[in-house]
Asker: 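If you scroll down you'll find the structure; I have some questions about it.
Convention: sequence-line order gives letters A, B, ...; per-chain numbering from 1. Excluded from the calculations below are hydrogen atoms, water molecules and symmetry mates; all remaining heavy atoms, backbone and side chain alike, are included.
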Amino acid sequence: MVAVAETAAETTDRPGRLAEFWHYFRENRGAVFGLWVFVAFVLIAILADIIAPYDPTQQYRENLLQPPFWQEGGSWAFPLGTDAVGRDMLSRLLHGARYSFYVGIVVVVIAASGGILLGLIAGFAPKWLDTIIMRLMDIILAFPSLLLALVLVAILGPSLTNAMIAIAIVLQPHYVRLTRASVISERSKDYVTAAKVTGARLPRLMFITVLPNCLSPIIVQAALSFSTAILDAAALGFLGMGAQPPTPEWGTMLAEAREFILRAWWVVTFPGLAILITVLAINLMGDGLRDAFDPKLRRS
Amino acid sequence: MVHYILSRLLTFLPTFFGVTLISFSFIRLLPGDPIVVMAGERGITAERYKELQEQLGFDRPLITQYLEYLGGVLQGDLGQSFVTKRPVWDEFFALFPATLELSICAMIFAVALGLPAGVIAAVNRGKFFDRALMSTALVGYSMPIFWWALLLIIVVSGMLGLTPVSGRISLLYYFPNTTGFMLIDSLASGQKGAFASAVHHLVLPTIVLGTIPLAVIARQTRSAMLEVLSEDYIRTARAKGLSPYRINGVHALRNALIPVITVIGLSVGTLLAGAILTETIFSWPGIGKWMVDSIFRRDYPVVQGGLMLIAVMVMIVNLTVDVLYGLINPKIRKR
């Protein structure tokens with residue numbers, strides 16, 4: 001008898017939030033395409049060791065600057081050619097996905113967790129603390145992000161880890177602003193008052209009552225800053241302030257390839273194309289996420 | 001209105017002090033003794049160390065040092081470059097016109113293409129033109145511009161041989177640097193071909209620096225236009241039988257421009273960040289390249305002063321945009 005009641009409740013219930021989200025997300029073909037490219041990118045990043053034909057730092061000195069297979073002088077042994085010291089381009093590109101994925105994940109996790117925490121505090125705190133936090137964020141935002149990241153890396157020393165820390169610091173104020181704004185609009189709603197009346201204390205109010213209802217803009221921001229992180233890390237690598245050679249990071253590869261731009265187009269073209277495709281896919285996905293989360297844009 | 005401007009100024013001041021505090025802390029945050037770091041690999045004698053310590057004021061309490069630094073900033077004294085021994089302030093304003101010229105050209109490029117693209121996309125919502133333009137805009141928005149610069153060099157300079165690869169003007173021309181704007185100076189010099197050479201040198205950097213603002217403006221114009229086109233007064237204009245050109249071009253665009261202008265004003269920071277990469281690639285002698293070079297040369301007073309001046313400039317532009325926005329839109333003032 002109980003079981004019957006339960007199934008009845010389930011069937012009359014509206015579809016789960018995930019299913020509803022997917023329903024709206026699926027309508028945006030670009031976003032779905034972006035999602036598939038992103039999934040492929042993640043798989044490449046995870047499986048780079050298995051699918052890459054060569055070690056990314058192994059130098060084949062007899063095959064310097066060999067063109068891709070479809071050009072004269074190219075061969076299937078190195079499908080996308082080799083770079084100036086005879087390393088296989090394809091293997092380096094596949095391994096590069098790993099670094100970009102790593103950068104994206106680490107930067108978003110640091111920036112989002114720090115930003116959400118500060119934003120929640122600012123949203124719930126007395127006015128003076130709120131003001132201090134927001135003024136601090138204004139100060140960070142006054143600097144052009146890449147310049148601040150560059151200077152931070154100059155202080156910390158050039159490496160991929162320090163580049164990630166610098167980018168996370170630079171991106172974090174956006175999360176603080178976003179979280180604070182949603183917290184303030186949620187805080188005066190009835191369900192929060194109800195929770196307060198039933199005796200929920202501040203930490204519970206912050207993290208369990210309010211936070212889940214502020215998540216959709218934060219998720220969209222996470223997608224967008226994932227791509228910003230990849231772009232900025234590549235830019236820092238390109239300027240010599242990110243991952244150091246011989247790391248097969250895409251921006252660093254471009255920096256090494258610069259002197260060959262008029263002789264060997266493939267060493268310049270492929271790493272940049274890899275960055276562009278990855279960032280484009282994530283931005284497509286981000287646009288789709290935003291539309292799916294925003295009830296105003298839904299055609300119901 | 002006065003109240004609004006005052007309240008904006010009140011939030012400006014603490015941010016300004018924060019920015020000076022950050023740039024002040026910069027040299028002191030570097031690992032190791034800053035004076036030893038400055039001296040580099042050659043090392044330093046004890047006497048010279050003492051002398052430098054006094055000169056830079058590192059022997060006094062931190063708060064005194066900061067107040068002295070702040071006093072210097074307000075009087076336009078940012079110390080000297082280690083490399084050129086010239087005042088940082090003078091170097092900055094000698095190089096700034098190059099960056100400004102490039103940024104203005106990039107902005108004109110972005111607005112001239114971005115506005116019409118956004119309007120065409122909005123008017124043809126959901127049709128082929130809209131999709132094509134917005135896909136292109138998204139590609140531009142996702143573009144790693146340092147790679148875009150290299151590609152343009154390969155194709156336009158390398159394969160087609162149409163533009164030079166670096167610098168602001170061909171070495172064949174020489175004339176006094178009166179305004180710092182190469183386009184104006186070359187024209188004023190009256191030398192044959194100088195202006196054309198300056199324009200040639202500007203083409204690729206302008207495209208590279210303008211690409212992301214172009215994409216942002218196109219997207220913003222489209223969404224602002226779509227919002228305005230669904231308003232009642234547009235329906236009224238249609239009912240009156242006005243031509244579509246008049247409706248879209250005059251009635252809708254004028255109102256859609258407000259958010260677009262805000263976006264243009266607020267992209268100064270983006271432009272300066274882009275200038276770092278663009279100037280480095282095209283050897284453009286502006287403040288972006290100057291900052292990157294100084295970081296590599298460990299010319300810390302330059303990095304410190306440049307960082308602060310750039311941030312203060314971005315803040316002033318943002319403040320101006322805010323105030324202008326308040327002037328145009330009374331709703332903002334009341335907040």
Asker: Under the criterion side-chain contact (heavy atoms from CB on, under 4.5 Å), I'd like the reasoning laid out for A/Leu280 against B/Tyr141: C-alpha separation, chi angles, the key distance, then a yes or no.
Answerer: CA-CA 8 Å; A/Leu280 188 59; B/Tyr141 182 69; over 6 Å; no
Asker: How long is the straight-line distance from CG of B/Asn318 back to CG of A/Leu141, given to the nearest 0.5 Å?
Answerer: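 It comes to 9.5 Å.
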Asker: Which residues, numbered in order, of residues 145-160 of chain B come under 4.5 angstrom of chain A by heavy-atom distance?
Answerer: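 So far as heavy atoms go, B/Phe146, B/Trp147, B/Leu150, B/Leu151, B/Ile153, B/Ile154, B/Gly158 are the residues that approach chain A to under 4.5 Å.
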Asker: Identify which of A/Asp232, A/Leu276, A/Leu146 forms the greatest number of heavy-atom pairs closer than 4.5 Å to chain B.
Answerer: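 The residue among A/Asp232, A/Leu276, A/Leu146 with the greatest pair count is A/Leu276.
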Asker: Which heavy atom of B/Ile310 sits nearest to which heavy atom of A/Leu147, and what is that distance?
Answerer: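 Of all heavy-atom pairs spanning B/Ile310 and A/Leu147, the closest is CD1-CD2, 3.7 Å.
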Asker: By a 4.5 Å heavy-atom criterion (distance strictly below it), what part of B/Thr270 contacts chain A: side chain, backbone, both, or neither?
Answerer: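 For B/Thr270, neither part sits under 4.5 Å from chain A.
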Asker: When only pairs under 4.5 Å are counted, which of B/Val314, B/Val19, B/Leu272 shares the most heavy-atom pairs with chain A?
Answerer: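 Option with the greatest count: B/Val19.
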Asker: Specify which of B/Val165, B/Val292, B/Thr11 makes the most heavy-atom pairs with chain A at under 4.5 Å.
Answerer: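 Result: the option with the highest number of such pairs is B/Thr11.
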Asker: Hey, what do you get for OG1 (B/Thr15) to CE (A/Met134), rounding to the nearest 0.5 Å?
Answerer: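 Spacing of OG1 (B/Thr15) from CE (A/Met134) equals 11.0 Å.
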Asker: Please give me the minimum heavy-atom distance between A/Phe238 and B/Leu277, naming the atom from each residue.
Answerer: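 Closest heavy-atom pair between A/Phe238 and B/Leu277: CD2-CD2, 4.3 Å.
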Asker: Between B/Ser142 and A/Asn283, does any side-chain donor sit less than 3.5 Å from a side-chain acceptor?
Answerer: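 Checked: B/Ser142/A/Asn283 side chains pair up, N/O donor to acceptor below 3.5 Å.
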Asker: Using non-hydrogen atoms and a limit below 4.5 Å, what part of residues 283-290 of chain B faces chain A?
Answerer: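 Listed by number, there are no contacting residues, so the answer is none.
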Asker: So what's closer than 4.5 Å to chain B heavy atoms on A/Ile140: side chain, backbone, both or neither?
Answerer: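 Neither part; nothing is under 4.5 Å.
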Asker: Dump the intermediate steps for side-chain contact (heavy atoms from CB on, under 4.5 Å) on B/Ile22 and A/Phe143, then the final yes or no.
Answerer: CA-CA 10 Å; B/Ile22 285 190; A/Phe143 296 97; 4.0 Å; yes
Asker: Could you tell me which portion of B/Leu307 (side chain, backbone, both or neither) has an atom closer than 4.5 angstrom to a non-hydrogen atom of chain A?
Answerer: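 Both backbone and side chain.
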Asker: When only pairs under 4.5 Å are counted, which of A/Leu150, A/Asp138, A/Thr269 shares the most heavy-atom pairs with chain B?
Answerer: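 It is A/Thr269.
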Asker: Report which part of A/Ile230 has an atom under 4.5 Å of a heavy atom belonging to chain B: side chain, backbone, both, or neither.
Answerer: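 Neither the backbone nor the side chain of A/Ile230 comes within 4.5 Å of chain B.
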Asker: Applying side-chain contact (heavy atoms from CB on, under 4.5 Å), run through B/Ile295 and A/Met241 and close with a yes or a no.
Answerer: CA-CA 10 Å; B/Ile295 288 174; A/Met241 283 289 182; 3.2 Å; yes
Asker: With a 4.5 angstrom heavy-atom cut-off, which part of B/Val303 approaches chain A: side chain, backbone, both or neither?
Answerer: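 It is the side chain, since no backbone atom gets that close.
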Asker: If we define contacts as heavy-atom pairs under 4.5 Å, which of B/Pro144, B/Ala273, B/Ser135 has the most with chain A?
Answerer: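 Most heavy-atom pairs within the cutoff with chain A belong to B/Pro144.
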Asker: Is it the side chain or the backbone of B/Met315 that comes within 4.5 Å of chain A heavy atoms, both, or neither?
Answerer: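 The side chain, not the backbone.
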Asker: Just checking A/Trp128: does its CH2 atom have more than 12 heavy atoms from other residues, nucleotides or ligands closer to it than 6.0 angstrom?
Answerer: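 For A/Trp128, atom CH2 is not crowded (no more than 12 foreign heavy atoms under 6.0 Å).
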Asker: Measure B/Ile281 against the heavy atoms of chain A and call it side chain, backbone, both or neither at under 4.5 Å.
Answerer: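 Backbone plus side chain of B/Ile281, per the 4.5 Å heavy-atom cut-off to chain A.
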Asker: Of the listed residues (A/Ile275, A/Val268, A/Leu148), which shares the most heavy-atom pairs with chain B below a 4.5 Å separation?
Answerer: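 The option with the most such pairs is A/Val268.
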Asker: Identify which part of B/Leu138 has an atom lying under 4.5 Å from any heavy atom of chain A, answering side chain, backbone, both or neither.
Answerer: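 When you check distances to chain A, atoms from both the backbone and side chain of B/Leu138 fall under 4.5 Å.
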Asker: Please indicate whether B/Phe296 has more than 12 foreign heavy atoms, meaning atoms of other residues, nucleotides or ligands, lying under 6.0 Å from its CZ.
Answerer: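 Atom CZ in B/Phe296 is packed in, count exceeds 12.
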Asker: Test of understanding: with side-chain hydrogen bond (donor to acceptor under 3.5 Å, both in side chains), list the residues that count as partners of B/Thr20, not counting sequence neighbours.
Answerer: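 B/Thr20 satisfies side-chain hydrogen bond (donor to acceptor under 3.5 Å, both in side chains) with B/Tyr66 once adjacent residues are dropped.
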Asker: For residues 213-228 of chain B, give me every residue with a non-hydrogen atom less than 4.5 Å from any non-hydrogen atom of chain A.
Answerer: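 Heavy-atom contacts from residues 213-228 of chain B to chain A are B/Arg219.
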